[in-house]
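Values reported hereafter were calculated over all heavy atoms of this structure, with side chains retained and with hydrogens, waters and symmetry mates removed.
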Amino acid sequence: MSETHVVKEEFGSIGELMDTLKSRPNNKHMKNQDSSRSNDKSFSGSESYEEAEQLIRTGYTEILPKVKEKMAKMEKSLQTEFIKVPKMRPRNAVVGYVPNVPNALLGLPESMINSDRFTQKQKTIDIMYIMGGNYGTDAKLWIDAGIVLLSAIKILESNRISVKLKVCFMPSESGDELMMPSVLIKDYAQRLDLQKICFPMAHPSMFRRIGFKWLETTPDMTDSGFAWGYGRSPSDTASAVPRLIEKAGLDKEQRIISAQIIKEMGYDISKLMLYLKTNQNGKSNQKSSTRRKRGS
């Protein structure tokens, strides 16, 4: 079996991604391909590439009411180990609920034992969202899954658990070559901006226009088979994701999630929160090349 060649290009922001796509021509294998612009709205979710470009830069507001409604419901009802749980820590004090006998015999003022409430929590989570699918995948999948994942991230952030979020927006393979471009959507210290984060998380054009444009222009492509249908999806089912993680050698410290996995969970945010807490992934030693943009 031949070795998989993994092509990774990591962008530090949406701005870097879009500026790069705008500045480079189609590669030699995709020089006659234009699916990023020619696909219609029923497939891509947007009228044109220009509309997708505007939405990714300024924000996708159409699903904001759905996201906010789901968040409001889940924040009131969700019970999970992610949510902070008050704990008690004993300390010596002037007043308290039980005497500290040795201190009292010594005449020390802090001769009582009291307790302080404190919280234990997981402070950070690093998430990689795999956004891909085959030609026949219904665009509604990414909208529904994106809303659930956005809601989970909002709940984590509201409970002071910082989230770092990357989106792999064009997972595709042809022959022995695997494409894995990613963009940093939110770093740990950045505020969660729902309006701007909705497009890369939930809009089908993130994959079917922006992702296609990346595939058309990446200079690291070596397999000409991508020109025939833009490759095949390595993440078209939930069961395929572990294989993708293995082949791509993804960071074991990340929580790897896909729209297909969220669908298999029945779009259940409680199951997703548990998955984000417990999922650990291993690395592989596949041959790979990574192009890092400045700021990534």
Side-chain angles (χ1 to χ4, degrees), residues 1-8 43 45 80 82 125-153 156 163-183 185 200-204 206-208 211-212 214-215 223 225-226 228-288:
M1 182 180 293
S2 58
E3 189 176 31
T4 299
H5 177 227
V6 183
V7 177
K8 298 179 182 179
F43 179 72
T80 171
F82 277 112
I125 297 179
D126 187 356
I127 299 174
M128 169 71 86
Y129 182 48
I130 309 293
M131 193 176 190
N134 285 321
Y135 183 87
T137 303
D138 189 342
K140 189 173 182 292
L141 167 68
W142 294 298
I143 296 174
D144 293 343
I147 289 173
V148 175
L149 183 52
L150 278 169
S151 300
I153 292 171
L156 294 175
V163 173
K164 181 179 181 180
L165 175 66
K166 287 185 177 181
V167 173
C168 175
F169 56 92
M170 189 61 209
S172 183
E173 57 184 347
S174 177
D176 296 316
E177 190 159 69
L178 172 62
M179 299 296 188
M180 292 288 291
S182 63
V183 59
I185 301 300
M201 291 296 295
H203 201 294
M206 184 64 188
F207 169 56
R208 288 176 169 170
F212 282 11
W214 178 87
L215 196 66
D223 193 313
F226 283 104
W228 301 93
Y230 285 57
R232 62 185 180 276
S233 171
S235 61
D236 58 325
T237 63
S239 61
V241 174
R243 171 179 168 270
L244 173 61
I245 293 169
E246 176 71 18
K247 291 186 72 173
L250 298 180
D251 189 345
K252 69 177 181 180
E253 297 302 320
Q254 289 182 317
R255 304 308 197 260
I256 312 298
I257 191 71
S258 72
Q260 289 78 10
I261 288 176
I262 296 173
K263 179 182 178 181
E264 190 174 85
M265 293 175 178
Y267 303 102
D268 187 325
I269 196 169
S270 298
K271 292 180 180 179
L272 174 58
M273 297 285 279
L274 180 61
Y275 179 93
L276 291 175
K277 178 185 177 185
T278 61
N279 186 48
Q280 294 287 343
N281 301 293
K283 292 183 177 179
S284 68
N285 295 316
Q286 302 294 337
K287 176 185 176 185
S288 67

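With Ser258 contributing its side chain and Val241 its backbone, the two residues share no donor-acceptor pair below 3.5 Å. Using modelled atom types, no side-chain atom of Thr4 and backbone atom of Val6 make a donor-acceptor pair closer than 3.5 Å. A donor-acceptor pair under 3.5 Å links the side-chain atoms of Gln260 to the main chain of Gly132, judged by distance alone. Between the side chain of Lys8 and the backbone N or O of Ala248 there is at least one donor-acceptor pair closer than 3.5 Å.
Interatomic distance, Lys164 NZ to Lys166 NZ, rounded to the nearest 0.5 Å: 5.0 Å. The CD1 atom of Ile245 sits 11.0 Å away from the CG atom of Asp251 when rounded to the nearest 0.5 Å. In this structure, CD1 in Ile257 is found 4.5 Å from OH in Tyr275, a value given to the nearest 0.5 Å. Atoms OG and CE, from Ser233 and Met131 in turn, are 12.0 Å apart once rounded to the nearest 0.5 Å. The line from CG of Asp138 to CD1 of Ile143 is 8.5 Å long, rounded to the nearest 0.5 Å. Atom OH of Tyr230 sits about 10.5 Å away from atom OG of Ser172, to the nearest 0.5 Å.
Relative orientation of the Phe212 and Phe207 rings is perpendicular, given thresholds of 30° and 60° on the angle between their planes.
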- Task: Please assess Ile256 against Ile130 for the test side-chain contact (heavy atoms from CB on, under 4.5 Å), listing each intermediate value before the final yes or no.
- Result: CA-CA 7 Å; Ile256 312 298; Ile130 309 293; 3.9 Å; yes
- Going through the checks in order, is the side-chain contact (heavy atoms from CB on, under 4.5 Å) test met by His203 and Trp142? CA-CA 6 Å; His203 201 294; Trp142 294 298; over 6 Å; no
- Task: Mind running side-chain contact (heavy atoms from CB on, under 4.5 Å) on His5 and Val7 for me, showing each step along the way?
- Result: CA-CA 7 Å; His5 177 227; Val7 177; 3.5 Å; yes
- Message: What verdict does the side-chain contact (heavy atoms from CB on, under 4.5 Å) test give for Leu244 and Leu178, after you've listed the backbone C-alpha separation in whole Å, the side-chain angles of each residue and the deciding distance to 0.1 Å?
- Response: CA-CA 9 Å; Leu244 173 61; Leu178 172 62; 3.9 Å; yes
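Two residues are said to be in side-chain contact when any heavy atoms from C-beta on lie closer than 4.5 Å; Val183 and Pro200 fail this criterion. Counting heavy atoms from C-beta outward, Glu177 and Phe226 have side chains that approach closer than 4.5 Å. Within the 4.5 Å cutoff, the side chain of Ile125 has no heavy atoms near those of the Gln254 side chain. Put simply, the side chain of Asp144 does not reach to within 4.5 Å of the side chain of Ile262, judged on heavy atoms. For the pair Cys168/Met128, a side-chain contact is recorded, criterion being any heavy-atom separation below 4.5 Å from C-beta on. Side chains of Met265 and Val148 form no contact here, defined as non-hydrogen atoms less than 4.5 Å apart. Residues Leu141 and Lys263 are in side-chain contact: their nearest non-hydrogen atoms beyond the backbone lie under 4.5 Å apart. Met179 places a side-chain heavy atom less than 4.5 Å from the side chain of Leu215.
By the 6.0 Å and 45° rule, Arg208 stacks over the aromatic ring of Phe43.
Smallest separation of non-hydrogen atoms from Gly146 and Ala202: CA-CB, 4.0 Å.
Asp268 pairs by the side chain to side chain donor-acceptor pair (under 3.5 Å) definition with nothing, not counting sequence neighbours. Annotation: side chain to side chain donor-acceptor pair (under 3.5 Å) contacts of Ser174 (sequence neighbours excluded): Asp223.
The existence of a salt bridge linking Arg243 and Glu173 is confirmed by a sub-4.0 Å separation between a basic side-chain nitrogen and an acidic carboxylate oxygen.
Taking the six-membered ring where the residue is Trp, the centroids of Phe169 and Tyr129 are separated by 6.0 Å or more.
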